[in-house]
Amino acid sequence: MTGRAQRGGTPGPAPRPPSHTHHPPEAPAQDTTMWQPNRLEEERLEKARRLEAAGIELYPRRVTRTHTAAAALAARQAAEAAAGTTEPPETLVTVAGRIRRASIKGKVAFMHIEDETGRIQLFFRINDLDETRYGFIKDKLIEVDDFVQATGALMRTTAGEISVRVTDFTLLAKSLSPLPVIKQQVQEDGRVVEYGEFSDKETRYRQRYADLAVNKNVRDTFIVRSRVLKAMREFLDDEGMLEVETPILQPLYGGAAARPFTTFHNQLEQELYLRISFELYLKRLLVGGYDAVYEIGRDFRNEGVSFKHNPEFTMMEFYKAYIDYHGVMDIVERMMAHIAGRVLGSTQVTYGDHTIDLTPPWQRLTIREAVLARTGIDYMATPDAESLAALLEERFGQRVKPGTPWGKMVVDELFGTHVEPHLIQPTFICEYPRDVSPFAKRAERDDRHTERFEVFIAGMEFGNAFTELNDPRDQEARFVEMAALYRTGDDDETPLDEDYLRAMRYGMPPCGGFGIGVDRVVMLLTNRHIIRDVLLYPHLRREDGSA
RNA sequence: GGAUCUGUAACUCAGUGGCAGAGUACCCGCCUUUUAAGCGGAGUGCCGCAGGUUCGAAUCCUGCCAGAUCCA
C-alpha cells in the first residue's frame, strides 16, 4: 500500500529517524506528501469546476432535512395503512444522504441515497425538473458518493419501491475521491447480497472512514461496541458504584505486569508514564471513603501487537469495599449476563464454532484443580522453580528461561499452554500463585497462593480480580519480594509505590476488585476474532516507510 | 524476534522470462419506472521501492518497505 499511497508524490523530505529521547520535544513529523489526483479524481475535479461555473455551491452550509431515510419509508407505510390504499394523500419530504447507487435511464433516473438509518430511492424525471438541473444528474456532475438533499412527494414505483419523486434537490457535499464500488442486491427475503468488495485489511484499517462508508457490517460492529459500553455503565451504576476518572499520565506505573510508554512533561521537567492499569489509583479512593468505584478508559502497554493485543486498549476496573473475591465473582457473572442480555437479547452467545452460555453461575475452579484435571499434574509436587522446570521439559519439552519464578511457570507454561485454550465456557480460575499476584491477599492456610481469580471465555483471558491486599506491611513485603524476583526492565517489574503504601497505612477497607478488557467483551458479543476489528483505528506502522 | 505468504487499474483479482490483462467502476453514445438496470463504443497502470542477472524482468536473484497468518 505504501507504494500506491505514494504514487506520483513529490519526493518529499526523507523520513525522520525515530527519536529515542523524549526531550527536548520535537515537532511531529509532518506529512508533506501532496495529493496528486489520479485519473478518476481529475474527472471529479473537472465536474466540480463545471458545477461551480453553473453557480452550484459544492459545500453549502445549510441543510433542511425533514425525514431520515427510515422515517420517510415509515411515513409512506403509515399513510398507506391509514388510507387503506396504495394511493394515499401525498406526503412531502426532504431527505439527505450519500448517493450509493445511480441508474440513469435517459430522461428518467433513479438513485439510492443512504443515511445512518438506511437507504431510500430518489426518482428523477426530466418533466419534474428543469432541463439544466436534470442535466446535472444525467451528465453525472452529481454522482455516486456525493451527499445530496432531495425534496419531493413520497410515491411507489411500478416495481413497488417507496421512493421520493424529486422536484427539488441540492448538492450537500461533492466527493472528489471515489469510494470502492460495492453493489447490492436485495433478495426476496430481504437479505442483502453484495457484489464487489473492499476487503484489503491494511487499507480498511488505515482508511477506516472508507471502510465504514462502504461496509455496513463494520458500522454495525461499532454500534454494538457503543451498546456494550452503555450496558456496562448501566449495570455498574445500578450496583451503586461511582464512576471516576484517574490520571492517564502517572509519575509511577503499576497495577499490572507490563512495560509502559514513557513521556516527558516539559515544565515539570519530569518523566511520566502512560498508565498500564487504574488499580492503584482506584484503591486509593477506597481509603478516601468511597465504598465502590469504577473507571472505564484506556490503558497503554508497550508490548507486541497481535490478534488480541493493541498497544492501547479499553479497560474497566471496579473496586468495592466489604466484599472478597467470591463477591466479585457474583458481580462479574451478573454483569456479563446483563450486558449480553441488553446487547444481544440473550445470554447465549455464538462465538466461532461455539455456543457460549453466560448464564450465572459460572464454573469455579482453583488453578491447581484445573491443571490437574487437564494434565494429571499436581504442581504442588514440584514446589520450586527448578523441579517444575525439569518437569515441564520432561513432560512437554517446554524450555523455560532460567530464573523464571515458580508461580510464573505455573501460570504461563502449565496453565496458559495446556489449560487456558480449552476454557470455552465461562470459568473462574481461582487461587493464583503469590509470586505473580503482588496485590492480592494470601489464601487462607496456604502461603503459596492468593485470593485471586481470572475469568476465561472462549479460550481467552477476560478479567482479573483479587481479594485486595490491604495490609500495608504485607504490601511493602510484596514490593520487596517482586523486586527480588524480577529485574528492572522486566515486563513483570513491579516498582515500589511509596505513595500507595502511605495511602494504605491510613487504613484501606477490606475490598474486592476486578479488571476486564472491554475490547474482548466486544469481540465476544460481535463474534469477531481479531481485536483490530473492534477498534476503529487500530495501530499500524506509519505509511511512509519507503525510502 | 522467527517462519510462511502477500503487494499488478479506483475495487476484487488473473498473468511466473517475450506488446500490461479481466470483471466491476470511470469516460462517450442510446434509453421516461430502474434496482447487481440494459445495449453499443473507448480509455485506464512508477506491476510496493531500490539494486542485480538477462538481448529482454510484473515474472528470476538480493536488499528494503508495508501487510496478513502462525509461532515466541
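The chains referred to below are lettered A, B, ... by the order of the sequence lines, with proteins before strands, and numbering in each begins at 1.
- Nearest to the side chain of A/K183, among B/rU34, B/rU24, B/rC31, sits B/rU24.
- Considering A/R204, A/R219, A/R206 as possible partners of A/D211, the one that fulfils the side-chain hydrogen bond (donor to acceptor under 3.5 Å, both in side chains) test is A/R204.
- With B/rC31, B/rU35, B/rC26 as the candidates, the nucleotide lying closest to the side chain of A/I104 is B/rC31.
- Residue A/V108 has its side chain nearest to B/rU32 when only B/rU32, B/rC27, B/rC26 are considered.
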Could you go through nucleotides 69-72 of chain B and list every protein N or O atom that sits under 3.5 Å from one of its N or O atoms, giving the distance for each pair?
unit_1: B/rU69; atom_1: OP2; unit_2: A/R532; atom_2: NH2; d: 2.9

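- Taking atom C1' on both B/rG45 and B/rC26, the two are 15 Å apart, rounded to the nearest angstrom.
- Mapping A/F198 and A/S163 onto RNA chain B via the closest heavy atom, the residue that lands nearer the 5' end is A/F198.
- Side-chain N/O atoms of A/S103 and base N/O atoms of B/rU35 include no donor-acceptor pair closer than 3.5 Å.
- For A/R206 and B/rG67, the shortest distance from a side-chain N or O to OP1 or OP2 is below 4.0 Å.
- Closest contact between the side chain of A/V181 and the listed nucleotides B/rA36, B/rA25, B/rC27 involves B/rA25.
- Phosphate proximity of B/rA66 to A/R542: absent, as no side-chain N or O sits under 4.0 Å from OP1 or OP2.
- The only member of A/E161, A/E87, A/E80 that meets salt bridge (Lys or Arg N to Asp or Glu O under 4.0 Å) when paired with A/R156 is A/E80.
- With distances taken from any side-chain atom of A/N38 to the nucleotides B/rU34, B/rA10, B/rG67, the minimum falls on B/rA10.
- Using bins of under 30°, 30° to 60° and over 60° for the plane-to-plane angle, the ring pair A/F124/A/F169 lands in the perpendicular bin.
- Between A/R101 and B/rA37, a side-chain N or O to OP1/OP2 separation shorter than 4.0 Å is present.
- Distances shorter than 4.0 Å separate none of the side-chain N or O atoms of A/R39 from OP1 or OP2 on B/rU44.
- Within the 4.0 Å cut-off from OP1 or OP2 of B/rU12, at least one side-chain nitrogen or oxygen of A/S199 is found.
- A cation-pi arrangement is absent between A/R208 and A/Y537 under the rule of less than 6.0 angstrom and at most 45 degrees off the ring axis.
- A distance of about 44 Å separates the P atoms of B/rG23 and B/rG1, rounded to the whole Å.
- Checking A/S175 against A/R44 by side-chain atom types alone, a donor-acceptor pair falls below 3.5 Å.
- Comparing B/rU59 with B/rC49, their P atoms sit 10 Å apart, to the nearest whole Å.
- A heavy atom closer than 4.0 Å to some atom of RNA chain B occurs in A/N127, A/K140, these being the qualifying members of residues 127-147 of chain A.
- Aromatic rings of A/H418 and A/F396 (six-membered ring for Trp) have centroids within the 6.0 Å cut-off, being under it.
- Taking the C1' atoms as reference points, B/rG2 lies 41 Å from B/rC55, given to the whole Å.
- If you take atom P in B/rA14 and the same atom in B/rG52, they sit 30 Å apart, rounded to whole Å.
- Nucleotides B/rC13 and B/rG48 are separated by 15 Å at their P atoms, to the nearest Å.
- Under the 3.5 Å distance criterion, with hydrogens and angles disregarded, a donor-acceptor pair is assigned to the side chains of A/R528 and A/T221.
- With both ends at atom P, the span from B/rC27 to B/rU53 equals 45 Å, rounded to whole Å.
- For B/rU35, its base sits under 3.5 Å from the side chain of A/E161 at one donor and acceptor pair at least.
- Counting heavy atoms of neighbouring residues, nucleotides and ligands inside a 6.0 Å radius, atom CD of A/E116 does not exceed 12 of them.
- Under 3.5 Å, the side chain of A/R119 and the base of B/rU35 form no donor-acceptor pair of N or O atoms.
- The 12-atom threshold is not exceeded at CD of A/E90, counting heavy atoms of other residues, nucleotides or ligands nearer than 6.0 Å.
- Looking only at atom types and distance, the side chain of A/N310 has no donor-acceptor partner in the side chain of A/R532 under 3.5 Å away.
- Comparing the same atom, C1', in B/rA36 and in B/rC11 gives a spacing of 15 Å after rounding to whole Å.
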